[in-house]
Amino acid sequence: MAYIGCALIGAAAAANQAWFDRHFLPSYWTPREEIVRTELLVRIAVAVAGAVIVLLAQKVARLLTREPLYLFTISLAVILAFGASELVLRRWRRGPHEFSRGSEPRSHLDARLGWLFDVSRTGSATHLGRQVAYTFDRNGYRVASVADTTDFDAPTIVFTGESIMVGHRLAWAETIAAQTSAMLGLQGANIAVSGFATDQAYLRLAAELPRFRHPVAVVSLFAPSIFDRNLDDDRPHLGRGLVWLPPVRQWRLTTLARRSLGYRSEEAVERGAAVTREVLTATVRLARSRGAVPLIVVPQFEPEEQQERELRRRIIEEAHLPYVYVPLDPDDRIENDGHPDADGARTIAESIADALRPALASH
């Protein structure tokens, strides 16, 4: 018992900020100051727990000596508790592909991509008294209204990504795709899907881009603050060499603990960075193969932290990929949500338009 307590104290001392930075990735939703404060409180709690165990070690040892059956019953209770919790989670906890089945915009299962938006429907959601309509055409692209259709013969800018690109809690005219298209006077096709990681967005692009006869540009999104989702393997995903892999079957308790704690091994982070770099390189190559101008947009709510800057350098800059960095005002977030608001989306759209104009003019 004393050894366990000492081990906890030692772990609390060894888990300094450098260790946390190697194993806990940036969060889109939580400011770094709050993360660092939480890490400090956890270290203190672990050290205190270790000290309490050391102080109580002799009393616990005497109790177990007098009542050895306690050791068996306590161990059995712990095992049964884990087993019961796993069964409950398997019965009631939704998987990552079911995140929007009961909310808008709604999605459905897809064997290759994990999930996709429901097609040919309009749904609405209300946030802080503001109602936003989400309309999707028969292709699952977000459009302005049910009357709008995507013209696959027209020159088109194709937008791929996740909820930021979809325009979460934004009216259609406020979305990045709509504003960019209006600025450049070109049709935009928003094929993004909420919750997608970078590899899923690439698979979506690879499936949809051949349908467009004249794609003039492909705009994809990479945000270091949501890089963590690229490491998830409980969904269809791409491995090294862009090999498609099915979801890895895991204990639900393990998945829940990992998502709640956010811990990642150094090996997992390195592998995720390498695969993400491969995916973005393939995205650029795919766009160019169709004669389209590739552009990766990197939105970043200021200030950019060292971890985020390092991910951007390793994944994009070292691969010499075409990208535009877009610093965003922290006030340009949707209240009680975190996604860019209409002003933030406009800042991103203006940066995309400015980056594309010279290339499109020569194109």
Side-chain angles (χ1 to χ4, degrees), residues 105 117 122 132-193 201-202 204-223 280 283-299 321-329 332 339-363:
F117 286 133
T122 297
V132 173
Y134 299 97
T135 301
F136 297 91
D137 65 12
R138 63 183 180 179
N139 308 296
Y141 307 165
R142 188 176 179 188
V143 293
S145 68
V146 292
D148 286 347
T149 58
T150 301
D151 183 356
F152 289 103
D153 293 328
T156 305
I157 304 174
V158 181
F159 298 84
T160 185
E162 41 73 67
S163 57
I164 297 175
M165 193 67 83
V166 170
H168 188 67
R169 302 199 188 283
L170 295 178
W172 165 254
E174 299 170 335
T175 64
I176 296 169
Q179 295 196 65
T180 304
S181 298
M183 293 173 189
L184 296 175
L186 289 167
Q187 175 181 253
N190 190 344
I191 70 171
V193 179
Y202 166 72
R204 172 75 162 162
L205 177 66
E208 298 299 321
L209 190 59
R211 305 179 67 182
F212 295 89
R213 291 190 60 189
H214 301 291
V216 296
V218 171
V219 179
S220 55
L221 185 144
F222 172 74
L280 290 175
T283 300
V284 170
R285 188 184 306 120
L286 176 61
R288 287 173 174 163
S289 72
R290 293 297 318 282
V293 178
L295 181 67
I296 302 168
V297 59
V298 183
L321 300 177
Y323 84 100
V324 56
Y325 175 81
V326 187
L328 297 174
D329 189 323
D332 288 344
H339 286 85
D341 61 14
D343 291 334
R346 181 168 186 81
T347 300
I348 297 172
E350 288 174 342
S351 298
I352 295 173
D354 290 343
L356 288 180
R357 277 193 186 96
L360 292 179
S362 60
H363 183 78

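Values reported hereafter were calculated over all heavy atoms of this structure, with side chains retained and with hydrogens, waters and symmetry mates removed.
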Task: Side chains of Leu186 and Leu360 in contact at under 4.5 Å (non-hydrogen atoms) - done: yes
Give every donor-acceptor pair under 3.5 Å between a side-chain atom in residues 348-355 and any protein atom, sequence neighbours left out.
from	atom 1	to	atom 2	distance (Å)
Glu350	OE2	Arg346	NE	3.3
Ser351	OG	Thr347	O	3.1
Asp354	OD1	Arg357	NH1	2.8

- [ ] Would you name the heavy atoms of Ala144 and Thr135 that are closest together and state the gap between them?
- [x] O-OG1, 4.4 Å
Open item on the list: Taking Ala189's backbone N and O only, do any of them form a donor-acceptor pair with Gln187's side chain (distance below 3.5 Å, no angle check)?
Closed with: no
Task: side chain to side chain donor-acceptor pair (under 3.5 Å), paired with Ser163, selected from His339, His168, Arg169 - done: His339
TODO: Report yes if the side chains of Thr156 and Pro215 come closer than 4.5 Å at any heavy-atom pair, otherwise no.
DONE: no
Open item on the list: Once salt bridge (charged side-chain N to carboxylate O under 4.0 Å, His left out) is applied, do any residues pair with Arg288, and if so which ones, sequence neighbours excluded?
Closed with: none
- [ ] Could you grab the distance from atom CG of Leu356 to atom CG of Leu184, nearest 0.5 Å is fine?
- [x] 6.0 Å
Task: Exercise: identify the closest heavy-atom pair between Pro299 and Ala223 - done: O-CB, 4.3 Å
TODO: May I ask you to check whether over 12 heavy atoms, not counting those of Arg211, lie within 6.0 Å of atom CZ?
DONE: yes
Task: ring pair (Phe, Tyr, Trp, His ring centres under 6.0 Å) involving Tyr134 - partner list, sequence neighbours excluded - done: none
Task: Of all pairs that satisfy salt bridge (Lys or Arg N to Asp or Glu O under 4.0 Å), the ones with a partner from residues 139-158, not counting sequence neighbours - done: Asp153-Arg213
- [ ] Measure the shortest side-chain to side-chain distance between Leu286 and Val218 over non-hydrogen atoms and say whether it is less than 4.5 angstrom.
- [x] no
Task: Sub-4.5 Å side-chain heavy-atom contact between Leu205 and Ile191 - done: yes
Open item on the list: Within the structure provided, determine whether Val132 and Leu170 are in side-chain contact (heavy-atom separation under 4.5 Å).
Closed with: no
Task: Option passing side chain to side chain contact (heavy atoms under 4.5 Å, CB included) with Met165 (candidates Val193, Thr160, Thr175, Val219) - done: Val219
- [ ] Can you run down the ring-ring contact (aromatic ring centres under 6.0 Å, His included) pairs that involve residues 138-167, sequence neighbours left out, and say none if there aren't any?
- [x] Phe152-Phe212
Open item on the list: Checking Ala173 now: which residues fulfil side chain to side chain contact (heavy atoms under 4.5 Å, CB included) with it, not counting sequence neighbours?
Closed with: none
Task: Spacing of Glu174 atom CD and Asp341 atom CG [to the nearest 0.5 Å] - done: 8.5 Å
Task: Minimum heavy-atom distance between Thr283 and Ser220, given as atom pair plus value - done: CG2-OG, 4.0 Å
TODO: Give the C-alpha distance, both sets of side-chain angles, the deciding distance and a yes or no for side-chain contact (heavy atoms from CB on, under 4.5 Å) between Val293 and Val216.
DONE: CA-CA 6 Å; Val293 178; Val216 296; over 6 Å; no
Open item on the list: For Ala217 versus Ala292, what's the shortest heavy-atom pair and its separation?
Closed with: N-CB, 3.8 Å
Task: Distance in Å, Phe117 CZ paired with Asn190 CG, rounded so as to fall on 0.5 Å steps - done: 8.5 Å
Task: Residue of the set Leu221, Thr180, Ile176 for which side chain to side chain contact (heavy atoms under 4.5 Å, CB included) holds with Val297 - done: Leu221
